[in-house]
Structures are given as structure tokens and as C-alpha cells.
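Structure, as C-alpha cells:
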Amino acid sequence: MKRNILFAFIGALLLHILYFAAQLLIGLIQTFFYKPQFAPDTVVLQSEMAFGFVNQDSPIFLLGSYIGVALLIYAVLSLKKKGVNSID
């Protein structure tokens, strides 16, 4: 049981790191390939950066999503273990 909990928290941490790394990579790619669009009657140059992301949620939401994902992984690991034992 302790091993499943440890794997669940590590798995949730890895999934969150992967999610944030993917968001940063997408922003970096969008910034690298950004080409400004000029309209014929526009006098002001557009300067738009698409690097990173904006998180407007509460920090409690991040903690809640981490705990929720960890609980979900724990449930899957527990079901998987019960399924293997019932076959034996």
C-alpha cells in the first residue's frame, strides 16, 4: 500500500512536470515561428510574444489537481493489483 502511494505521488509529480514543460515548449515554438501581421492602415507595429502561459487560477487549484491526479493513479494501481491477485 505504501509503495502504491509513493508511486502515485511520483507519477502525479511527473505528469505535472510534463504538462508544464509541454506548455513552455509550445510557447517557445510559437515564439520562434511568430511572424507579425501588418494591416495596410496600421501605423503601430505589433509586438506579440507567445512564450509561456498564463495561469489565472488559485494556487490551491494546482495543489488540488496534484492530489486528485495522485488519488486517481493510486486507484488505478490498486485496481490493477487486485485484478492480478484475483487471476492467480
Side-chain angles (χ1 to χ4, degrees):
M1 180 172 166
K2 289 182 183 180
R3 186 175 181 186
N4 281 350
I5 292 172
L6 180 66
F7 283 148
F9 279 115
I10 291 173
L13 181 65
L14 290 176
L15 284 175
H16 277 78
I17 289 172
L18 182 67
Y19 172 74
F20 287 117
Q23 290 290 324
L24 288 173
L25 184 64
I26 289 169
L28 183 65
I29 291 171
Q30 287 176 348
T31 302
F32 183 71
F33 290 112
Y34 176 73
K35 294 180 183 172
Q37 299 173 355
F38 298 108
D41 56 349
T42 311
V43 222
V44 180
L45 294 177
Q46 296 177 357
S47 61
E48 177 183 334
M49 283 192 68
F51 182 74
F53 59 93
V54 177
N55 188 3
Q56 297 177 348
D57 294 328
S58 170
I60 302 281
F61 179 75
L62 180 61
L63 180 64
S65 72
Y66 177 75
I67 292 172
V69 169
L71 288 174
L72 183 66
I73 292 173
Y74 176 73
V76 169
L77 288 174
S78 295
L79 288 176
K80 181 180 174 188
K81 190 172 185 177
K82 286 180 184 177
V84 170
N85 287 339
S86 65
I87 293 174
D88 290 337

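Computed over heavy atoms, backbone and side chain alike; hydrogens, waters and symmetry mates excluded.
L71 and I10 end up in different hydrophobic clusters when Ile, Leu, Val, Met, Phe, Trp and Tyr side chains are linked at under 4.5 Å. Residues L18 and I73 are members of separate hydrophobic clusters, defined by side-chain heavy-atom contacts under 4.5 angstrom among Ile, Leu, Val, Met, Phe, Trp and Tyr.
The side-chain heavy atoms of H16 and L62, taken from C-beta on, include a pair separated by under 4.5 Å. Taking the side chain as every heavy atom from C-beta outward, M1 and S78 never approach each other to under 4.5 Å. A 4.5 Å side-chain heavy-atom check between Y74 and F7 finds every atom pair outside the cut-off.
How far CG of L15 is from CG of L72: 9.5 Å, rounded to the nearest 0.5 Å.
Formation of a donor-acceptor pair under 3.5 Å by the Y66 side chain with backbone atoms of F9 is found in this model.
Among all heavy-atom pairs drawn from N4 and L77, the shortest one is O-CD1, 3.8 Å. Shortest non-hydrogen contact noted between A8 and A70 is CB-O, 3.3 Å.
For L25, the CG atom is densely surrounded, since the number of other residues' heavy atoms within 6.0 Å is greater than 12.
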